[in-house]
Amino acid sequence: MIWKVAVRIARREALRHKGRSALVAAMLALPVAGASAADTLYHTTKLTTVEQVRRDLGHADALVSFVAPTPIEQLPDGTVPGSAQAGGMLTGALQGVQVASPIDSGVLPAGSRVVPMPDQQELRVEAPQGADSVSVVERDLGDPLLSGLYVHKAGRAPRAAGEVTLSTSLLSALDKHIGDQLTAEFLTPGQVPDKNGQLPKHQLTIVGEDDDPAHLDADEVIAYPGTLPTPADYAGPTQWLAQIPGGLNWAQVQKLNQGGYSAESRLVVENPPPDSAVPLMQHYHAASVGSSRLTEALLAVGAVGIVMALLEVVLLAGPAFAVGARKRRRDFGLMGAAGADHRMVRAVVLADGLVLGAVGGVVGALAGIGIGRLALPEAVNFTHREPGAFRIAPGDLAGAALIGVVTGLIAALIPAVITGRQQVLESLTGGRRGARGVPWKLATLGVVVLAAGLAATGYAVFRPGIHTVPLVGGIAVSELGVVACTPLLVALTGKLGRLLPLTGRMALRDSARNRGRTAPAVAAILAAVAGSTAVATLLTTNDAQGRAQYHSTLRTGQVALMFGAAAQQQEEQQSGAGLRYNGAPTGPDLTPVDAAKAIAAISAVLPVRSAAVIPTQNYNGFVPVSIVVKRNPANDCPFFNGNGGAVLLPPGQSGESMIQSDPRCQAAFGGSQVVPGDAATLRALTGTVDPRAEKVLAAGGMVVFSPFDLTGTAPQNSTDSQNGTGQATGTQTATIALQRNCPPAGMDLPDELRKQFAPYCSGPPPADLTLPAAVAKTKDGSAVNGVRALIPQSAADKYQVKYVPSMILFDTTRMPTKAEEERANAAAESLGTTALLEVERGYQGGDDTTMLALAAVAAFVTLGAAAISTGLAITDGQADLETLAAVGARPRMRRTLAGSQATITAVLGTVLGSATGLVPAVAIVEARSHSFVQSALQGRSGHGLRGLIGGAPTVHAQSYLTIPWPFLIGTIVIVPMLAGIAAALVTRSKIEIRRRRG
């Protein structure tokens with residue numbers, strides 16, 4: 001009965017004061033709308049199983065892929081992780097060996113039909129800016145099995161060789177339309193440049209517009225089968241769409257695996273087998289554990305984010321309920337005089353939160369659906385993925401609406417308790433406003449909560465491993481503890497009023513006396529500024545770490561023209577994928593280039609001082625051997641086992657700092673290749689002239705770039721082995737060896753593979769070669785470009801290792817301009833090879849967009865909270881303003897007082913928020929560092945590194961903590977000034993003296 005009456009009163013009060021009610025309901029609706037919009041976008045962009053299978057398979061029953069010529073294991077979704085069964089390099093070893101289709105090999109049931117899906121290749125097409133390299137695939141889009149693989153936008157499917165469709169982004173970039181001709185060069189093996197270095201040009205007809213739904217931003221060409229030339233050693237396609245009578249069940253997929261084929265089957269994906277029937281699942285138990293930990297971490301971070309967002313709303317809406325209850329004090333007094341008890345008064349105030357929370361929840365949930373629908377195009381532009389059908393989850397929306405109700409009740413809880421304690425006589429006569437005393441009890445609770453949060457954070461920081469839940473939970477609890485201490489801090493600041501002029505003293509003491517409305521606004525600002533400060537500190541720290549750990553393979557101002565394997569490797573590192581024919585790099589650039597012509601072309605457009613050709617081992621084919629530098633065990637990096645370069649430490653952002661702190665690990669950032677070279681090569685690599693090193697190299701010795709690569713002495717234990725320039729003195733030697741990557745003994749291999757391995761893996765390995773050596777240093781101490789050591793050509797011939805030109809290094813007289821770089825790129829493209837030009841400009845770092853966005857969010861919340869607090873203070877303190885006017889206060893007193901109140905609120909919130917935000921930032925930085933150090937120590941003690949000669953050195957982790965001072969100064973100084981100025985400008989000077997009741 002009490003709640004029925006309370007809800008009725010609250011509904012009538014809300015209708016009576018529509019402006020205030022709409023403001024509070026809007027505040028409560030904001031998080032609900034955000035949650036509803038995010039949930040709608042999530043369910044729309046997350047593809048269902050049917051949608052995902054259609055996108056992967058079109059109308060086919062399965063996508064069959066050839067993996068290796070040995071039995072393999074796969075997951076039900078068609079994934080073959082790592083393929084350890086294939087021996088890593090087995091697919092690459094099959095270069096030139098024809099791959100049989102699933103029909104020809106008999107691994108598919110009778111009556112099946114397959115459509116080949118050739119590998120992606122590369123084209124160079126004429127563009128308005130010169131030329132662009134784009135991806136091209138051959139597909140028969142008219143085949144019904146391919147329906148659904150691409151999003152058809154316009155035109156028709158290609159029907160004959162020479163007809164192509166282009167993606168939307170590529171049509172726009174090339175300024176082409178359907179029906180136009182596309183001039184292209186085929187960058188496939190066998191394409192021979194003419195005497196001018198130009199590849200043959202081909203005219204392709206654009207007949208349609210089709211996009212890859214998983215990569216809407218991809219620049220892609222889809223050609224009809226037979227458009228591209230087939231290389232002489234092409235092994236055939238390795239993927240097929242298959243139509244299979246009755247579908248492909250799990251037992252049939254496992255039969256495919258025995259033949260070296262994997263399959264993504266529609267039937268298996270829609271009806272997956274139990275884990276016990278998947279042999280590979282037992283091998284991937286650790287991966288599933290890691291995945292669950294990642295999910296746990298993401299859930300923890302998401303939960304804390306939601307809680308802090310709701311806390312913001314509660315802190316901003318709470319004072320509105322408090323002032324509303326205070327304005328109705330006489331009404332509550334009349335209720336008490338009529339017989340209502342404290343429970344009834346509390347119920348009425350809570351009913352305000354219930355009614356407005358319900359309105360905000362329903363409106364927010366409905367608005368979220370509309371916002372999600374309107375934001376869907378932007379979400380597609382951001383993810384570059386075609387969404388599924390527009391879907392909403394009624395259960396999730398109901399939960400979001402319930403969040404609004406709960407938030408409203410929590411925001412009204414404290415005002416309800418305070419209002420329920422008021423006496424009837426005090427309510428009817430007005431009583432004394434403001435809180436008296438100091439809130440020690442709440443502050444004591446806050447200190448206890450803060451200590452608990454700091455303890456949890458400390459546990460997560462200093463315990464071995466990464467503990468996301470206690471770390472994130474500890475940070476959140478710590479912030480709640482600071483929020484609980486806010487009323488005490490506000491009360492104590494009132495004692496500083498004697499140091500301020502009249503208006504400032506009045507504003508500060510009024511804020512301290514009415515901390516019921518001041519403390520929530522300060523706490524809201526605190527929470528927003530703390531979050532933005534923490535993120536800004538992490539961004540600044542990451543930028544400082546990236547700058548400190550930046551390891552360029554070129555010196556600043558140096559230019560590299562890479563081709564062949566070097567260019568391909570660089571492109572793969574930048575794009576995450578490479579173009580391959582059966583595991584081998586593709587393109588005519590693998591053939592030797594005219595170095596003199598390339599040097600002349602680049603030197604004509606760049607300020608070049610000198611140039612040198614850098615060779616690399618010829619991997620154009622199957623070559624499982626390489627020349628490596630062999631170190632003494634005591635000189636080797638303790639984080640590598642020296643056997644294949646395997647890293648014993650877990651990955652992490654602090655990993656590089658740990659390895660970097662040990663000088664023996666410098667080669668991990670420099671280069672690993674051992675190449676033949678002369679004095680010109682050495683000068684190009686180091687940027688300086690080293691007569692001693694050049695003399696050693698000319699006499700048949702070798703040059704290394706780290707004293708730890710010397711085998712004649714142990715530099716780290718000798719005080720007289722180096723002169724003042726860091727070069728070794730006396731007779732020094734270094735050792736090189738031939739490293740063979742051969743399959744394990746007894747491994748079951750096809751005969752064609754045995755024949756390819758035999759020349760390299762038969763018999764004992766060649767003996768190590770020890771040569772006179774000199775240590776060379778770069779001019780500025782930067783890493784050497786991809787080279788571990790320079791050796792004489794005779795040493796390479798001894799091991800029968802062939803080298804081809806890999807890149808040309810250009811030393812410049814100054815930093816090339818962007819225009820010069822563009823002209824150099826055009827010159828590189830005119831060479832007839834898929835060359836990649838790179839200009840080293842030093843560490844660039846990220847832009848300031850994120851930092852500006854954080855500052856904008858912090859400023860918005862600060863200004864909003866200050867405005868709300870100031871508005872409530874002016875409304876609540878109308879009687880004091882009337883008294884001031886009556887005793888002769890000037891009209892502008894009201895403006896000055898409003899500006900002072902807004903400034904004080906903003907200053908308190910930003911100062912506390914900035915200090916609070918540094919705590920989680922420092923904790924996260926230290927947790928990342930300490931967790932990695934502890935894991936490293938455990939990993940080293942558990943992997944037998946104690947046997948290293950000289951013992952295991954102490955592990956050090958560098959701390960790159962950097963405070964974003966410009967951000968903090970702007971937040972603490974500029975934002976409160978803006979809040980005060982804005983409050984003073986929007987406040988009316990004239991004070992209306994009203995007739996007082998009683």
Asks: Applying side chain to side chain contact (heavy atoms under 4.5 Å, CB included), can you list everything that pairs with V689, at least two apart in sequence or on another chain?
Replies: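 Once residues adjacent in sequence are excluded, the partners of V689 under the side chain to side chain contact (heavy atoms under 4.5 Å, CB included) criterion are R683, P691, E694.
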Asks: Taking atom NE2 of H215 as the centre, does the number of heavy atoms from other residues, nucleotides or ligands within less than 6.0 Å exceed 12?
Replies: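 Not more than 12 within 6.0 Å, no.
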Asks: To the closest 0.5 Å, what do you measure between CG (D690) and CG (L697)?
Replies: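 That separation rounds to 10.5 Å.
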Asks: Do D709 and R631 have side chains that get closer than 4.5 Å, going by heavy atoms?
Replies: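 Sidechains of R631 and D709: in contact.
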Asks: Quick check on Q793: does its CD atom have over 12 non-hydrogen neighbours (other residues, nucleotides or ligands) under 6.0 Å away?
Replies: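 Buried by this count: over 12 neighbours within 6.0 Å.
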Asks: Mind checking side chain to side chain contact (heavy atoms under 4.5 Å, CB included) for S603 and listing every partner two or more places apart, or none if nothing turns up?
Replies: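 Partners of S603 by the side chain to side chain contact (heavy atoms under 4.5 Å, CB included) criterion, ordered by chain and then number, come out as I599, V608, F810.
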Asks: Do D797 and S794 get their side chains close enough for a donor-acceptor pair, meaning under 3.5 Å?
Replies: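 Per modelled atom types, D797 and S794 side chains form no pair under 3.5 Å.
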Asks: Taking side chain to side chain contact (heavy atoms under 4.5 Å, CB included) as the definition, give me every residue that meets it alongside A767, ordered by chain and number, with sequence neighbours left out.
Replies: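 None.
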Asks: Do any N or O atoms from the side chain of N632 and from the backbone of A634 form a donor-acceptor pair under 3.5 angstrom?
Replies: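 Looks like no, no N/O pair under 3.5 Å.
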Asks: Taking side chain as C-beta onward, heavy atoms only, is L170 less than 4.5 Å from E220?
Replies: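 No. Closest side-chain heavy atoms not under 4.5 Å.
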Asks: Do side-chain atoms of T540 reach the backbone of T962 as a donor and acceptor pair under 3.5 angstrom?
Replies: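 Such a contact is absent between T540 side chain and T962 backbone.
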Asks: Sequence neighbours left out, what passes side chain to side chain contact (heavy atoms under 4.5 Å, CB included) with P772? Give chain and number order.
Replies: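 Checked P772 against side chain to side chain contact (heavy atoms under 4.5 Å, CB included); zero matches.
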Asks: Indicate the atoms forming the closest heavy-atom contact of S169 with A218, along with that distance.
Replies: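 So the minimum-distance heavy-atom pair works out to OG-O, 3.0 Å.
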Asks: Got a sec, which residues hit salt bridge (Lys or Arg N to Asp or Glu O under 4.0 Å) with K695, two or more places apart in sequence or on another chain?
Replies: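 By the salt bridge (Lys or Arg N to Asp or Glu O under 4.0 Å) rule, K695 matches no residue at all.
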Asks: Sequence neighbours left out, what passes side-chain hydrogen bond (donor to acceptor under 3.5 Å, both in side chains) with R841? Give chain and number order.
Replies: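 R841 satisfies side-chain hydrogen bond (donor to acceptor under 3.5 Å, both in side chains) with E821 only.
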Asks: With sequence neighbours left out, write down each residue that passes side-chain hydrogen bond (donor to acceptor under 3.5 Å, both in side chains) with T183, or none if nothing qualifies.
Replies: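 With neighbours one apart ignored, the set is Q203.
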Asks: Under the side-chain hydrogen bond (donor to acceptor under 3.5 Å, both in side chains) rule, collect the residues that match up with T735, sequence neighbours excluded.
Replies: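 Once residues adjacent in sequence are excluded, the partners of T735 under the side-chain hydrogen bond (donor to acceptor under 3.5 Å, both in side chains) criterion are T711, T770.
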Asks: Does S172 have any side-chain hydrogen bond (donor to acceptor under 3.5 Å, both in side chains) partners at least two apart in sequence or in another chain, and if so, which?
Replies: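 Partners of S172 by the side-chain hydrogen bond (donor to acceptor under 3.5 Å, both in side chains) criterion come out as none, since no residue qualifies.
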Asks: State which residues pass salt bridge (Lys or Arg N to Asp or Glu O under 4.0 Å) with D768; sequence neighbours excluded, sorted by chain then number.
Replies: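 Testing D768 for salt bridge (Lys or Arg N to Asp or Glu O under 4.0 Å), a comparison that skips the adjacent residues, returns K630.
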Asks: Excluding sequence neighbours, so at least two apart, what forms salt bridge (Lys or Arg N to Asp or Glu O under 4.0 Å) with D219?
Replies: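 Checked D219 against salt bridge (Lys or Arg N to Asp or Glu O under 4.0 Å); zero matches.
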Asks: If the condition is salt bridge (Lys or Arg N to Asp or Glu O under 4.0 Å), which residues does K176 pass it with, not counting sequence neighbours?
Replies: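 For K176 there are no salt bridge (Lys or Arg N to Asp or Glu O under 4.0 Å) partners, ignoring immediate neighbours.
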